[in-house]
Trainee: 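Shown below is the structure under consideration.
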2 protein chains.
Amino acid sequence: MQEHKKLPRASVLRMELYLELLEQLEANGQQSVTSAELGAATGISAVKVRQDFFHLGSEGKPKIGYEVSQLASLIRSVLDLETPKNACLVGLGNLGRALAASDIWARAGFRLAAIFDRDQKIIGTEAAGVRVRNITEFFGVVKAEGIAAGVITVPAPDAQEAGDLMVGAGIRAIWNFAPVTLRVPDDVVVENQSLAWGLITLSYAMKSDKDKNHTAL
Amino acid sequence: MQEHKKLPRASVLRMELYLELLEQLEANGQQSVTSAELGAATGISAVKVRQDFFHLGSEGKPKIGYEVSQLASLIRSVLDLETPKNACLVGLGNLGRALAASDIWARAGFRLAAIFDRDQKIIGTEAAGVRVRNITEFFGVVKAEGIAAGVITVPAPDAQEAGDLMVGAGIRAIWNFAPVTLRVPDDVVVENQSLAWGLITLSYAMKSDKDKNHTAL
DNA sequence: ATCTAATCGTTAAGTAATTAACGAAAGCGG
DNA sequence: CCGCTTTCGTTAATTACTTAACGATTAGAT
């Protein structure tokens, strides 16, 4: 077994699928699972599955496979999903509201501890049981609540400003939904996720399909 | 100039950033822009910028850079963002509502032509000016409206069913938000985008940070 | 206890993406 | 008009990710 150094990013993204499935198997009372089974169920090739678990520092047994609940625990532990972490969200538009109401927080060990906006019409309202505060209170609340991660769901032109606030308040992990690249110090991790990616990619893929048919004529 | 074959996926994802910036520059009346400027503004290395535009089949001029509006057009054209395309959305939960209300559709040339759900309490309501229909009407509406792309925002256990419906109705481009891998025929493009990715990645990144500090002691 | 078949862990090969390098084209100053 | 400097286009090198290969291990049968 290799002492796990750093999980490839692509591998980290697949962990969610494994975990989802493993928890399902666990609920069904299944004890063990092979890489082939996991692969068939997740649509990931069995080799990739084994490689991923190898990176995790896996503990499968030949002829048997992986012990379901142990593997699930290992994933949760390596990704640190069970350590409680506080997060805040800046910008309560449609996306912010959807995120706030989502169950992803708990699944990754986060608690949405605060929501901020600058719009007086939104400040004071609630989302997912959390009161929306004025962005001017940002610094104080982040300190008081021990917030370690920030989510940016403001319009693109305001994103850098939101990021600066977060960095200034000591936050070193940012999840950014605005289609801009934030300028942050080296020790701050930024995870970008634009909502538009899917549509843009599909648009391009649909065109390629068309082209293919065309040349086939 | 190379005749552009297939844009690397990673490159496609960056196009949104370029386009966002180019349109801004265009609005400011700037005529041309260099790879260095674009890189500085987007946080992408200048080499990567040139490489990306090379893949596009770019038309920059030494000593000047790229012509802003021409480059923007090229991107829109290669990604096919201006061809009108109809999409439908299945599952009007919080995420579905946020997507429906978003402006990303128009930016990528899509029109949200129909929304489906199976919950009687939701059917008949409206989101972003689109009436929610019963999922039983799916096939007919997709044909009638000429819908070419589908978005899945249902809970994970229902995702495959939604995908099957889409495939059955002739849809060949699917944007899936459920954390499952859809089983679809080879000629159907599936673009997966789980909302949880960001949090999971951050969780892992924050842990690595902690470890780093630890070993530094 | 030994053999067989399955399945893992790990190294190696192949593929895709990023980064580097550098010749060629084009504006600009003298 | 001629060099000088900038910046592109393109090929090459590096790095990261994926896929393949295969020896080692173990359960289960005889």
Side-chain angles (χ1 to χ4, degrees), chain A residues 1-15 17-18 22 25 30-68 70-71 74-75 78 181 192 197 201 204-205 208, chain B residues 1-15 17-18 22 25 30-68 70-71 74-75 78 181 192 197 201 204-205 208:
Chain A
M1 167 193 147
Q2 84 150 18
E3 194 44 49
H4 110 268
K5 297 280 153 51
K6 185 169 153 288
L7 233 35
R9 180 193 162 72
S11 195
V12 172
L13 296 185
R14 284 191 290 269
M15 290 299 154
L17 286 178
Y18 298 135
L22 288 169
L25 294 178
Q30 188 170 331
Q31 297 278 325
S32 60
V33 65
T34 67
S35 62
E37 285 180 275
L38 270 171
T42 55
I44 299 168
S45 77
V47 212
K48 221 188 271 180
V49 171
R50 284 210 300 285
Q51 190 67 273
D52 280 342
F53 295 162
F54 171 58
H55 285 133
L56 277 181
S58 70
E59 295 282 355
K61 282 196 194 131
K63 190 84 178 180
I64 296 289
Y66 304 88
E67 217 259 295
V68 172
Q70 179 186 311
L71 181 55
L74 178 61
I75 293 176
V78 170
T181 306
N192 293 300
W197 285 347
T201 312
Y204 179 60
S208 308
Chain B
M1 170 192 146
Q2 84 151 21
E3 194 45 47
H4 110 268
K5 296 281 153 52
K6 186 170 152 285
L7 233 37
R9 181 191 163 70
S11 195
V12 172
L13 296 185
R14 283 190 291 269
M15 291 299 154
L17 287 177
Y18 298 135
L22 288 170
L25 294 178
Q30 188 169 330
Q31 297 279 324
S32 59
V33 65
T34 66
S35 62
E37 284 179 276
L38 270 171
T42 56
I44 298 168
S45 77
V47 213
K48 222 188 273 180
V49 171
R50 284 209 302 283
Q51 190 68 272
D52 281 342
F53 294 163
F54 171 58
H55 285 133
L56 278 182
S58 69
E59 295 281 355
K61 283 199 194 124
K63 189 82 181 188
I64 296 286
Y66 303 89
E67 217 259 295
V68 172
Q70 178 186 311
L71 181 54
L74 178 61
I75 293 177
V78 170
T181 306
N192 293 299
W197 285 348
T201 312
Y204 180 59
S208 308

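By convention in this document, chain letters (A, B, ...) are assigned in the order of the sequence lines, proteins followed by strands, and residues within each chain are numbered from 1.
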Trainee: How close or far is atom P of dA16(C) from atom CG of L13(B), stated in whole angstroms?
Mentor: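 Result: 17 Å.
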
Trainee: Just how far, in rounded Å, is P of dT7(D) from CZ of F53(B)?
Mentor: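 After rounding, the gap between these two atoms is 15 Å.
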
Trainee: Using a 4.0 Å cut-off on heavy atoms, which residues in residues 33-40 of chain A reach DNA chain C? List them by number, or say none.
Mentor: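 Per residue number, the list reads T34(A), S35(A).
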
Trainee: May I ask you to verify if any side-chain N or O of S58(B) is less than 4.0 angstrom from the OP1 or OP2 atom of dG9(D)?
Mentor: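 The answer is yes; a side-chain N or O of S58(B) sits under 4.0 Å from OP1 or OP2.
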
Trainee: Taking the side chain of R50(A) as its heavy atoms from C-beta onward, which of dC22(D), dA20(C), dG9(D) lies nearest to it?
Mentor: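 The answer is dC22(D).
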
Trainee: May I ask you to verify whether the side chain of Q51(A) and the base of dT19(D) hold a donor-acceptor pair under 3.5 Å?
Mentor: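 Indeed, a donor on one side and an acceptor on the other fall under 3.5 Å apart.
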
Trainee: How do V47(B) and V47(A) order along DNA chain D: which one's closest nucleotide is nearer the 5' end?
Mentor: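 That would be V47(B).
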
Trainee: If the sugar-phosphate is the primed atoms plus P, OP1 and OP2 and the base is the rest, what is the B/S/- string for nucleotides 25-30 of chain C, using protein heavy atoms under 4.0 Å?
Mentor: BSS---

Trainee: Is the number of heavy atoms from other residues, nucleotides or ligands within 6.0 Å of CD (Q30(B)) greater than 12?
Mentor: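 Count over threshold, so yes.
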
Trainee: If you compare all heavy atoms of G60(B) against all heavy atoms of Y66(B), which two are closest, and at what distance to 0.1 Å?
Mentor: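 Smallest interatomic distance, heavy atoms only, reads CA-CD2, 3.5 Å.
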
Trainee: Output the rounded distance in Å from CG (D52(A)) to C1' (dT19(D)).
Mentor: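 Computing the D52(A):CG to dT19(D):C1' distance gives 12 Å.
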
Trainee: Short question: side chain of T34(B), backbone of G65(B) - any donor-acceptor pair under 3.5 Å?
Mentor: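 Looks like no, no N/O pair under 3.5 Å.
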
Trainee: What is the distance from NE2 of H55(A) to C1' of dC17(D), rounded to the nearest Å?
Mentor: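 Atom NE2 in H55(A) sits about 9 Å away from atom C1' in dC17(D).
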
Trainee: Taking OP1 and OP2 of dC17(D), is either one under 4.0 Å from a side-chain nitrogen or oxygen of K48(A)?
Mentor: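 K48(A) to dC17(D) OP1/OP2: no side-chain N or O under 4.0 Å.
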
Trainee: Quick one: is dA17(C) close enough that its OP1 or OP2 comes under 4.0 Å of any side-chain N or O from S11(B)?
Mentor: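 Looking at the OP1 and OP2 atoms of dA17(C), neither is under 4.0 Å from any side-chain N or O of S11(B).
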
Trainee: Just do the side chain to side chain contact (heavy atoms under 4.5 Å, CB included) check on M15(B) and D52(B) with the steps written out, would you?
Mentor: CA-CA 8 Å; M15(B) 291 299 154; D52(B) 281 342; 4.1 Å; yes

Trainee: So which heavy atom on A46(B) is nearest to which on A36(B), and how close?
Mentor: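 That closest heavy-atom pairing would be CB-CA, 4.0 Å.
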
Trainee: Please examine the side chains of F53(A) and L38(A), heavy atoms only from C-beta on, and report whether any two atoms are closer than 4.5 Å.
Mentor: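 A side-chain contact exists here, since the closest heavy-atom pair is under 4.5 Å.
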
Trainee: Keeping T181(A) on the side-chain end and T42(B) on the backbone end, is there a donor-acceptor pair under 3.5 Å?
Mentor: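 The answer is yes, because a donor-acceptor pair under 3.5 Å joins these two groups.
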
Trainee: Between atom CG in L71(A) and atom C1' in dC8(C), what is the gap in whole Å?
Mentor: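 It is 13 Å, rounded to the nearest whole Å.
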
Trainee: I need the minimum non-hydrogen distance between Y18(A) and I75(A), along with the two atoms involved.
Mentor: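 Heavy-atom minimum between the residues: CB-CD1, 3.9 Å.
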
Trainee: Quick one: does any side-chain atom of Y204(B) pair with a main-chain N or O of L7(A) as donor and acceptor, under 3.5 Å?
Mentor: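 Pair found, side chain donor or acceptor close to backbone of L7(A).
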
Trainee: Please give, in whole Å, the distance from dA27(D) C1' to E67(A) CD?
Mentor: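 Roughly 16 Å, once rounded to whole Å.
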
Trainee: Choosing from dT18(D), dG9(C), dC8(D), which nucleotide comes nearest the side chain of Y66(B)?
Mentor: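 The answer is dC8(D), which lies nearest to the side chain.
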
Trainee: F54(B) side chain: which of dT18(C), dT10(C), dT11(D) is closest?
Mentor: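 Nearest listed nucleotide: dT11(D).
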
Trainee: Any heavy-atom pair between the side chains of L74(A) and E59(A) that's under 4.5 Å?
Mentor: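 Side-chain contact under 4.5 Å: no.
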
Trainee: Between dG9(D) atom P and L74(B) atom CG, what is the distance in whole Å?
Mentor: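 Going from CG in L74(B) over to P in dG9(D) covers 11 Å.
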
Trainee: Taking the side chain of R9(B) as heavy atoms from C-beta outward, which of dC8(C), dC17(D), dA17(C) is closest to it?
Mentor: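 The listed nucleotide nearest to R9(B)'s side chain is dA17(C).
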
